[in-house]
2 protein chains.
Amino acid sequence: MATKAPTARERQREETRERILEAAVEAFAEMGFRGASTREIARRASTNQGLITYHFRSKEDLWRAAADGIFERLGAQLAERMEALDLTDPRERAREAIRQYVRFAAAHPELFRIMVDEGRVADDRMKWLVDTHLRPRFEVIAPGLMEVAGIDEALVPHAFYAMAGAASLMFAVAPECRRLTGLDPRSTQAVETHADYVARLLVP
Amino acid sequence: MATKAPTARERQREETRERILEAAVEAFAEMGFRGASTREIARRASTNQGLITYHFRSKEDLWRAAADGIFERLGAQLAERMEALDLTDPRERAREAIRQYVRFAAAHPELFRIMVDEGRVADDRMKWLVDTHLRPRFEVIAPGLMEVAGIDEALVPHAFYAMAGAASLMFAVAPECRRLTGLDPRSTQAVETHADYVARLLVP
DNA sequence: ACTGAAATTATTCGATTGACAAGCCAGTGG
DNA sequence: CCACTGGCTTGTCAATCGAATAATTTCAGT
C-alpha cells in the first residue's frame, strides 16, 4: 500500500515535533534531565510548554525520544562512513572506526553528556538506556576490540570505557577545555588531531 | 599565638558543617548542581534545609565549598602517595602517577562527575572551577606529560583530556558499567586492572 | 461554505525549589 | 547561677516545576 502524500498539516506537525526534539536533545545535554525544564525546551523550540505534553506524553517520554534520536544518528553516521571506506586491514579499519567515533563525539557531545548524566544512578532511565541502546552497540564493538587491541576478554570493559572517555571528554567539556588550555576543541583541526591521537593510542 | 582549645559548641558546629559538606559532595555528584536540592542535601546530612543557608550563605557557596573539598583531597592524596614511593625513572614515575590518579577517580568519582557537569556551559561556576582548581593542576601536569608521553606541545591538551577521560569514565558511570558489562568497577581488582591498563596506554 | 477533528495556545493546579525571618534553647563566659 | 550568645529549628515567601485542562485557531474532507 502506498503511503499517502503528507498534507501540509502533517508536515507542520512533524516539523514541530522535530523542533521540540532538537531543543530537548540540546537542553538535556546541557543541563541534565532534572535541570532542563519543559518550559525551557519549549522556549528553545519557539513554542509553548503545553505542546510538549501534547506531542510527547511526559517529560520522561520526551527524554527517551531524544535519546533514541541521538543513537539513531550515531548508528547511521558510523555505518554510512565505514561502508564508504572499505578498508581491508583490520587494524587500520579499527583505527578508522575510532576516528569516526571521535568525529561523532565532537559533532554531538550530547551523547557522552547524557551517558554520564544517566549512568551514575541505577534508575529506570539508566536501565532503559543500557538495555535498548548501549548493550547492542557494546556487543558489536567488543569482539573487534579484543582482536585488534590485542587484549584479553577480561580487559574489554576497561578498553571500552577508556576509549569512550578518551574520545569524548574533551568535546563534552569544550567550553572548559577552551578556557583551560586555549584550544578550541570544536575546530576541525583539533577534532582531526584528537581523532588521530586516540586512534593511535588504542591501536598502536 | 596558641589557638584556643575548641569548645564543645565549636566542635559540634564544625562536625555539622562537615556532615553537610559531605552530603553536598555526594548529592552534587549524583544529580548535578540544579538537580540536587538543598532540602535533599539536608536530609542526607540528617538536618534541615535552614541550616544550609546558615552555615553556607547560598547553594552556590555550598557548591564551591564542596568543590574545594574534592580538589583538596585529590591534591593531598596524590602528593602523599607519590612522595612515599620515590621513583627515579621518570617514565615509571609517570605511570605510577597515572595509576594513583585512576585510584583516586575510582574512590572519588565525584571529581569527574562535577567536572563534566560544570564544563559544558561557560557560566560562572565553570570559570571559577577552571581558574581556581583546574589550571593550577594542569600547569603542573603539562610539562611532565610532554616529556614522558613523548608528544609535541600542541598535543598536550589532547593527551590531558584523553587521560582524564580514559581514567575516570568507568568509575563515574559505575552503575551503568556494571549493568552493561557485568564488571563492578568498584572492586579493587577492577580498579587495579584499570589503573595498569590506562598507565600503559599513555606511557608505553 | 461548513464542520469537526487536530494542532496550538492559554490557564490553572499542586508540588517543590532556594532564600529568608523569627524564635528556640543548650552551652558558654562572667 | 544567670544572662545571653550562637547554633539550630520551624514556618513562610515568591518563583518555578511538570502536568492537566480549557479555550482557541487552523485546516482537511465533504
Side-chain angles (χ1 to χ4, degrees), chain A residues 2-28 30-67 117-118 123-125, chain B residues 2-28 30-67 117-118 123-125:
Chain A
T3 42
K4 286 198 303 180
T7 64
R9 212 181 166 81
E10 286 166 330
R11 266 185 286 109
Q12 173 73 12
R13 172 196 175 87
E14 203 49 39
E15 195 225 290
T16 306
R17 241 190 81 103
E18 209 56 46
R19 224 172 49 245
I20 293 175
L21 213 50
E22 194 64 34
V25 168
E26 279 181 30
F28 283 137
E30 230 173 70
M31 316 186 269
F33 180 79
R34 301 189 65 171
S37 72
T38 52
R39 280 177 174 83
E40 168 65 15
I41 294 172
R43 199 191 55 77
R44 293 188 189 207
S46 308
T47 40
N48 55 77
Q49 188 247 359
L51 249 194
I52 291 183
T53 319
Y54 174 73
H55 279 291
F56 309 86
R57 243 172 30 90
S58 66
K59 189 184 181 182
E60 189 89 17
D61 285 7
L62 173 62
W63 179 86
R64 264 195 288 272
D117 271 345
E118 304 300 332
D123 59 6
D124 288 343
R125 287 197 304 280
Chain B
T3 41
K4 286 198 304 181
T7 64
R9 215 181 165 81
E10 287 166 330
R11 266 186 287 109
Q12 174 72 13
R13 173 196 173 86
E14 203 49 39
E15 194 224 292
T16 305
R17 242 190 81 101
E18 209 56 46
R19 223 172 51 243
I20 293 175
L21 213 50
E22 194 63 34
V25 169
E26 278 182 32
F28 283 138
E30 229 172 70
M31 315 185 269
F33 180 78
R34 302 188 65 170
S37 72
T38 52
R39 279 178 175 81
E40 169 64 14
I41 294 171
R43 199 191 55 77
R44 294 190 189 205
S46 308
T47 39
N48 54 76
Q49 187 250 356
L51 245 195
I52 291 183
T53 318
Y54 173 73
H55 279 291
F56 309 86
R57 243 171 32 88
S58 66
K59 190 183 179 182
E60 190 89 16
D61 285 6
L62 172 63
W63 180 85
R64 265 196 286 273
D117 272 344
E118 304 300 332
D123 59 6
D124 288 344
R125 287 198 305 280

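What you see is a predicted model, and the numbers here were worked out from it, not measured in a lab. Letters A, B, ... mirror the listed sequences (proteins, then strands); counts begin at 1.
Distances from the side chain of B:Thr7 to the nucleotides C:dT8, C:dT28, C:dG18 place C:dT28 closest.
An OP1 or OP2 oxygen of D:dT9 is reached within less than 4.0 angstrom by a side-chain nitrogen or oxygen of B:Asn48. Listed pair A:Gln49 / C:dT8 fails the phosphate criterion, with no side-chain N or O lying under 4.0 Å from OP1 or OP2. Taking side-chain N and O atoms only, A:Thr38 has a distance below 4.0 Å to OP1 or OP2 of D:dG18. Contact check, A:Thr53 against D:dA20: no side-chain N or O comes under 4.0 Å of OP1 or OP2. Residue A:Thr16 places at least one side-chain N or O closer than 4.0 Å to OP1 or OP2 of C:dT8.
To the nearest 0.5 angstrom, A:Leu21 atom CG is 10.0 Å from A:Ile52 atom CD1. Note that OG of A:Ser37 is 6.5 Å distant from CZ of B:Arg34, once rounded to the nearest 0.5 Å.
Straight-line distance from the CD atom of B:Glu60 to the C1' atom of C:dA19: 14 Å, rounded to whole Å. Separating the CD1 atom of A:Ile41 from the P atom of D:dT16 is a distance of 17 Å, rounded to the nearest angstrom. Separating the CD atom of B:Glu10 from the P atom of D:dG7 is a distance of 8 Å, rounded to the nearest angstrom. Atom P of nucleotide D:dT26 and atom CD of A:Glu15 are separated by 16 Å, given to the nearest angstrom. As rounded to whole Å, 14 Å separates atom C1' of C:dC20 from atom CD1 of B:Ile52. Summarising the geometry, the separation between CD1 on B:Ile20 and P on C:dG18 is reported as 14 Å, rounded to the nearest angstrom. Atoms CG (A:Leu51) and P (D:dG18) sit 15 Å apart, rounded to a whole Å. The distance from atom NZ of B:Lys59 to atom P of C:dT16 is 15 Å, rounded to the nearest whole Å.
Among the protein residues, B:Ala36 comes within range of the sugar-phosphate backbone only, with heavy atoms under 4.0 Å from sugar or phosphate atoms but none that close to a base.
Taking five base pairs at each end of the helix from C:dA1-D:dT30 to C:dG30-D:dC1, the local helix axes there meet at an angle of 10°, rounded to 10°.
Here the closest heavy-atom approach between residue A:Asp117 and residue A:Phe28 is recorded as OD2-O, 3.7 Å. Considering every non-hydrogen atom in both B:Ile20 and B:Ile41, the closest pair reads O-CG2, 3.9 Å.
Crowding of B:Arg125 atom CZ: a count of heavy atoms from other residues, nucleotides or ligands under 6.0 Å exceeding 12. Other residues, nucleotides and ligands contribute only 12 or fewer heavy atoms inside 6.0 Å of the CD atom of B:Glu18.
Nearest-nucleotide assignment on DNA chain D puts the 5′-proximal partner with B:Arg17, out of A:Ser58 and B:Arg17. Comparing A:Arg34 and A:Arg39 by the nucleotide of DNA chain C that holds the closest heavy atom to each, the one mapping nearer the 5' end is A:Arg39.
Between B:Phe33 and B:Trp63, the angle of the ring planes goes over 60°, which puts this pair in the perpendicular group of the 30/60° scheme.
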Next item on the list: Could you walk me through whether B:Arg13 and B:Glu10 pass the salt bridge (Lys or Arg N to Asp or Glu O under 4.0 Å) test, one step at a time?
Entry: CA-CA 5 Å; B:Arg13 173 196 173 86; B:Glu10 287 166 330; over 6 Å; no
Check nucleotides 2-6 of chain D for protein N or O atoms closer than 3.5 Å to its own N or O atoms and list the pairs.
from: D:dT5; atom 1: O2; to: B:Arg9; atom 2: NH2; distance (Å): 3.3
from: D:dG6; atom 1: O4'; to: B:Arg9; atom 2: NH2; distance (Å): 3.1
from: D:dG6; atom 1: N3; to: B:Arg9; atom 2: NH2; distance (Å): 2.9

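A:Asp61 contributes no side-chain N or O that, together with a main-chain N or O of A:Arg64, makes up a donor-acceptor pair within less than 3.5 Å.
When B:Glu30, B:Arg39, B:Glu22 are each tested for a side-chain contact (heavy atoms from CB on, under 4.5 Å) with B:Arg44, only one passes: B:Glu30.
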